Amino acid sequence: MAADIPTSPHRAPLPGVEMLWSGPVSEHAADAVAHRSLLDAEETARLDAFYRSVDRDAYAVAHVTLRRLLGERLGQRPEAVVVARAACSHCGGPHGRPYVPGDGVHFSLSHTSGLVMIALAGAPVGIDVESVPDPGTVAEVADQLHVQERRELDALPAAERPAAFARCWTRKEALLKATGVGLNEELSRTLVGAGAEPASQDDWLLADLPAGPGYAAALAVRRTPPGT
């Protein structure tokens, strides 16, 4: 029987996505740290490696909650769920998309500045949440984006650029997580758009997610062929 899950579940906005979960680290940290025994050896080592308590708490909330959600979904004890890494689709290295061997459930998680988001899906999925950056950060990093995205940002009033940049960045990270490439690929190669709607993708569905003031979030999932 899976452990009780203190969750903030949301209705999935895209076909193929089974569940979204989001929660403030501050509300879940004490419970997650108290249940760190649910983590496997690799996760425990990574948790212990964090120097700052704020980083340890965020990692604990994300990974303990993920194990509880996967355990509930699979009918397993959370600590018994096996999580492996696929080969990177960009270079073939052992740092690709995480997955549960032998099962059809796919997942992704993200955490930043006090907020955690998790997605479970029936197809490869990626989720990302980020704090809206300051204008200086936008100016420094925007040249890493696709040329069309840079044009879209340049066309906006200066006050609107940080939110648009965060929107674009989370779309890009969500999509690259879903494909299994992650940030190993040059960000300028993938066009997701900085406008109000994500750029259309041939094999992927992409959507912005509500994340609260000061945050941006996005979700990507592989398209399901008709009739499957």
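Note: hydrogens, waters and symmetry copies are ignored here, and every other heavy atom, side chains too, is used. None of these values were measured; they are calculated from a predicted model.
- When hydrophobic clusters are built by joining Ile, Leu, Val, Met, Phe, Trp and Tyr residues whose side-chain heavy atoms come closer than 4.5 Å, directly or via intermediates, V33 is not grouped with V25.
- Judged purely by atom type and a 3.5 angstrom limit, R68 has no side-chain atom pairing as donor or acceptor with the backbone of P78.
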* Asked: Step by step, would you call V141 with W169 a side-chain contact (heavy atoms from CB on, under 4.5 Å)?
  -> CA-CA 10 Å; V141 182; W169 190 273; 3.6 Å; yes
* For the pair W204 and T179, evaluate side-chain contact (heavy atoms from CB on, under 4.5 Å) and give the outcome as yes or no after the intermediate values. => CA-CA 9 Å; W204 301 89; T179 63; 3.6 Å; yes
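- Remark: side-chain polar atoms of R222 are not paired, donor with acceptor, to backbone N or O of A123 under 3.5 angstrom.
- At least one donor-acceptor pair closer than 3.5 Å links the side chain of R56 to the backbone N or O of Y51.
- Expressed to the nearest 0.5 Å, how far CD of Q201 lies from CG of L206 amounts to 6.0 Å.
- A salt bridge links R67 and D40; the closest N-O separation between the charged side-chain nitrogens and carboxylate oxygens is under 4.0 Å.
- The two residues A166 and P133 make their nearest non-hydrogen contact at CB-CD, 3.9 Å.
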* To do: Determine, stepwise, if the pair L187 / L176 fulfils side-chain contact (heavy atoms from CB on, under 4.5 Å).
  => CA-CA 9 Å; L187 299 179; L176 293 176; 3.7 Å; yes
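- Across V132 and A163, no two heavy atoms sit closer than the pair CG1-N, 3.8 Å.
- Minimum heavy-atom separation, A178 to P124: O-CB, 3.8 Å.
- Residues H63 and R36 bring no donor and acceptor atom of their side chains to less than 3.5 Å of each other.
- Counting all heavy atoms, side chain and backbone alike, R223 lies closest to S200 at NH2-OG, 4.0 Å.
- In this structure, P198 and V192 have side chains that are not in contact, with every pair of non-hydrogen atoms separated by 4.5 Å or more.
- For the pair V81 and L74, the minimum side-chain heavy-atom distance is below 4.5 Å.
- The side chain to side chain contact (heavy atoms under 4.5 Å, CB included) with E149 is formed by just one residue from the set L145, L153, V147; it is L145.
- In this structure, CD1 in I127 is found 8.5 Å from CD1 in I118, a value given to the nearest 0.5 Å.
- Separation of atoms OG1 (T170) and CG (D208) is listed at 6.0 Å; rounding is to 0.5 Å.
- Under the 4.5 Å side-chain heavy-atom criterion for Ile, Leu, Val, Met, Phe, Trp and Tyr, L14 and V129 are members of the same hydrophobic cluster.
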* To do: Walk me through it: do K177 and D128 pass the test salt bridge (Lys or Arg N to Asp or Glu O under 4.0 Å)?
  => CA-CA 8 Å; K177 282 183 178 181; D128 191 58; 3.7 Å; yes
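- With respect to R52 and D55, a salt bridge is recorded, a charged nitrogen being found less than 4.0 Å from a carboxylate O.
- Here the side chains of V116 and W21 are in contact, with some heavy-atom distance below 4.5 Å.
- Each of L120 and L175 belongs to its own hydrophobic cluster when Ile, Leu, Val, Met, Phe, Trp and Tyr are linked at side-chain heavy-atom distances under 4.5 angstrom.
- A distance of 13.5 Å separates NE2 of H111 from CE of M117, quoted to the nearest 0.5 Å.
- K172 approaches H146 most closely through the heavy-atom pair NZ-N, 4.2 Å.
- With a 4.5 Å cut-off on side-chain heavy atoms, V100 and V82 do not count as touching.
- When all heavy atoms are compared, the tightest approach of L20 to V17 is CD2-CG1, 4.1 Å.
- Within the model, atoms CG of L156 and CZ of F165 stand 13.0 Å from one another, a figure rounded to the nearest 0.5 Å.
- Contact of the V83 side chain with the Y99 side chain is not registered, since no non-hydrogen atoms from C-beta on lie closer than 4.5 Å.
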* Test log, rule side-chain contact (heavy atoms from CB on, under 4.5 Å), inputs T112 and Y215 -> CA-CA 9 Å; T112 186; Y215 294 99; 4.1 Å; yes
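- Rounding to the nearest 0.5 Å gives a distance of 10.5 Å between CG of L115 and CD of E130.
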